[in-house]
Amino acid sequence: MSALVKQHLIDPEICIRCYTCEEHCPVDAITHDDNNVVVDVSKCNFCMDCISPCPTGSIDNWRVVAEPYTLEQQFEMLELPEQEEGLEQASDGGGSLEALEDEIDVLLAKAHEGTGGKPVAPASASKPSINLFNRAKPAKAVVQGNFRLTDAEAESDVRHIILNLGNQVFPVLEGQSIGVIVPGEDGEGKPHEPRLYSVASPRDGEKPNTNNIALTVKREDKGVASNYLCDLPRGAEIDITGPFGATFLLPNDPQANLIMICTGTGSAPFRGFTERRRRTMPDLQNKLQLYFGARRPEELPYFGPLKKVPESLLHTEFCYSRVAGESKQYVQDRMRLRAQGLLDLLQRDETHIYICGLKGMETGVDEALADICRNGGLDWAALKPRMRTSGRYHVETY
Amino acid sequence: MADLVNVDYNTSIPNNVNLSEDRRVLKALEKWHPGYLNWWNNMGPEGFQESLVYLRTAVSVDPKGWAKFGYVRMPEYRWGILLAPEEEGRTIPCGEHAGKPVWQEVPGEYRSMLRRLIVIQGDTEPASVEQQRHLGQTAPSLYDMRNLFQVNVEEGRHLWAMVYLLQKYFGADGREEADMLLQRQSGSEDHPRMLGAFNEATPDWLSFFMFTYFTDRDGKMQLEALAQSGFDPLSRTCRFMLTEEAHHMFVGETGVGRTILRTCEAMKEAGITDPYDIAAVRALGVIDLPTIQKKANIHYSLSLDLFGSEISTNAANAFHSGIKGRYREAKIDDDHQLESATYPVLRLIDGKVIISDEPALSAINMRLRDDYVKDATGGVNRWNNILKKEGIEFAITLPHVAFHRHQGEFSTIHADPDGNLMSDDEWEKRKDDWIPSKADGDYIDSLMKPQWESGKYAGWISPPRVGIDNKPGDFEYVKVSGVASNA
């Protein structure tokens, strides 16, 4: 079989033939006849310039094909062809693609495995842009700041890195990730594998209307990308790709309750979520809670700033597993202690759960939720898929 | 350095034209702003100024991230001034100066012509908001209500766009014209809007959809023609407006399509095959197809009037001077001067409708109208595809251009939808067969009951196939009462 291709198609039943996409396409891949507006697979470079200006939602359709549809075939289409069985990848729903590059797609699919099925974006989330920049055409970011978040004495080195994007348009939503391209080659002479990092800042930047992005990066022993990032001096220029991810997103609905559960650098998206809510819905109270696990307070990223966030905006539960003289407490242990409050929230359709951190936390948190449900007369095995399919249960672990 | 792609939100007026360093214009706009808000609050959507509406706001002119969606109270919408990026080396596309660099300032000899074109365009923008201000009350769904308000806030932004040009390039005259744009009112006896179709009421939602389909499409064609202007700031303004205008076309085409679909479905459920059995169809609480045809007839014919006289010296002058081009001028393969070319024009000569070759320069309006008719026909064909798919034997057709006209060649005669001329008496006798009668209006009016429950639709219209911003079917596009207090 020949190599599979992701092909961009326009839904002829929904398109109104305004040709706005055609006007915006920088490589003239889009054309039309008297019937349809179509995309030339040999010219389309996935730059995505056509997606956002489309007024109808007809533009954002993708099919994995062995043999691409020709222009003539597309001119004749009365409706979109079905995705051919067997070619489609698990993470690729045709509608809400997380990434266009296969290598990124695979990374995200793995990170979202714990969701227990196909992840679905919250109903009221903003529509994400994805894959505007790729390895062949990365965005250039300049390091605006690189600060150590963990105590100087602490064993772990976690950093808050701010990347300035200058005049480049890099629309990112809270919860999305970016790819970092590490220069050089690995031991086998190949370029380094891409690394994904969740964005820790809200969509409009560290301060409102600044075109920058913050990352939370932990230095890993022998970690190629993390050491590269943690060592970057202010003013250094790096290549980034993305944005990626189309499901682990913040609901816009002001009524949404968020239960955010994280360890370590898994706190990054929740920093973005919280700040976004603070900026756009300052009057809302008691909608966000954070279960945050670390070994010690000194190693908990953003410990200082988090202490200053008002309780009414964000209720925090810090859980430590290595404090001398205290018993180990993991996030799931604290959740069990707060069972009644969680149970109340779990019964409400406005409640969204987000889990982000190390893979190892998944099982414990899942069991805790199951126990809390069982004791309260709920069935987690039934509730979880219901929450997932309505875009209210999200797992991103690594 | 000024950032001309991303939007500056530091002044109270978001812009990518470096307003904060243009004190004179900033001052003029800031002076105009309260009057605008006043106009919006008095003449904008009635009863929903406090509601949270899921709107898109233009945040950049870069297509990658040009707009963002979020809940906004309409009076807090960030209306701004956004021009498409300057194209390096752009030349005047048509007329006697074709090929020379575009003007960045108003050429003195064309000053009054340009001002008039901008004022006419600007006058239509607030007019339609005024025409549609009562519709929110009878919205057939929160989805449709949101689309109405999106169209309204963007018409408001298009007014801003024209006002910016007036204040930036036309001095005291421009400021006065900008003020006048807020003073004329759709349908007013004393200070009506400038063009006829913009003084007609938009009484119901089918009219709204027909208006956005047919009349906003005239707006689209005018913007397309002005986007070809040799006066670069006008061209850049219009190019960006077209990105927003596409949504208005979408609202019209899908609104009528969904109305037709619902009628077909109801007829099939009830086993009615004859679309002309109007009483039976109306008993189902949907709009019968012949009445939809009548609505199309009237909105189409009123919209054709907006193109002005088929033979026009003003239009010739605007083209010849390079102030206004033709639809997709750059893609037309000719000399772009039209000094000796001819163009076929449908005329009324000796009481007969005949095609006559006229100097192409004088027939600029006619050509734009022909492009409009072609564009409008496409969507009508897609409506007919719905009918075909549903198996209902009926087709919506566009009436002859001589039908029901108040401007140009055919304004003095009456014709039936096929273009057959008829006497005044005969027209009076038959007109209710072709344009909506009072009884038709009353019937449609009886269906205009609000449906504001998330995900529900009034019985005369089917749900959309895709949500706005890919939202699911039951998404609450408008929080009618504003943010509820915290539970």
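Chain naming here is simple, since letters A, B, ... match the order of the sequence lines and numbering starts at 1 in each.
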Could you grab the distance from atom CD of A/Glu79 to atom CG of B/Asn385, nearest 0.5 Å is fine? 11.0 Å
Measuring from A/Cys18:SG to B/Glu253:CD, what's the distance to the nearest 0.5 Å? 9.5 Å
Do B/Arg465 and A/Thr56 have side chains that approach each other closer than 4.5 Å (heavy atoms only, starting at C-beta)? no
Given that the side chain runs from C-beta out, which part of B/Tyr71 has a heavy atom under 4.5 Å from chain A: side chain, backbone, both or neither? side chain
The reported gap from CG in B/Asp375 to OH in A/Tyr19 (rounded to nearest 0.5 angstrom) is 6.5 Å
Indicate yes or no: at least one non-hydrogen side-chain atom of B/Met249 is less than 4.5 angstrom from one of A/Arg17. no
What distance do B/Trp66 atom CH2 and A/Ser52 atom OG have between them, rounded to the nearest 0.5 Å? 6.5 Å
The interface call for A/Cys47 against chain B, heavy-atom contacts under 4.5 Å, is both
Which atoms of A/Ser129 are under 4.5 Å from chain B, going by heavy atoms: the side chain, the backbone, both sets, or neither? side chain
dist A/Glu13:CD -> B/Ile386:CD1 (nearest 0.5 Å) comes out at 9.5 Å
Need one label for B/Arg328: side chain, backbone, both or neither, based on atoms under 4.5 Å from any heavy atom in chain A. side chain
Looking only at heavy atoms, what is the nearest atom pair of A/Pro53 and B/Thr243, with distance? CB-CG2, 3.9 Å
Hey, which of A/Pro171, A/Pro12, A/Ser124 has the most heavy atom pairs under 4.5 Å with chain B? A/Ser124
Side-chain contact, heavy-atom cut-off 4.5 Å: A/Pro55 with B/Glu244? no
Report, in residue-number order, which members of residues 27-38 of chain A are under 4.5 Å from chain B by heavy-atom distance. A/His32, A/Asp34
Among A/Thr280, A/Thr20, A/Ile14, the residue with the most heavy-atom pairs under 4.5 Å to chain B is A/Ile14
A/Glu311, CD: over 12 other non-hydrogen atoms inside 6.0 angstrom: yes
If we only count heavy atoms from C-beta on, is the A/Gln168 to B/Asp62 side-chain gap below 4.5 Å? no
Which one of B/Glu476, B/Lys220, B/Lys389 has the most heavy-atom pairs closer than 4.5 Å to chain A? B/Lys389
Quick one: CG on A/Asn252 to CG on B/Asp469, what's the gap to the nearest 0.5 Å? 8.0 Å
Taking B/Lys479 for the side chain and A/Asp253 for the main chain, is one N or O donor matched with an acceptor at less than 3.5 Å? no
Nearest heavy-atom contact between A/Ile16 and B/Ala246 is CD1-O, 3.5 Å
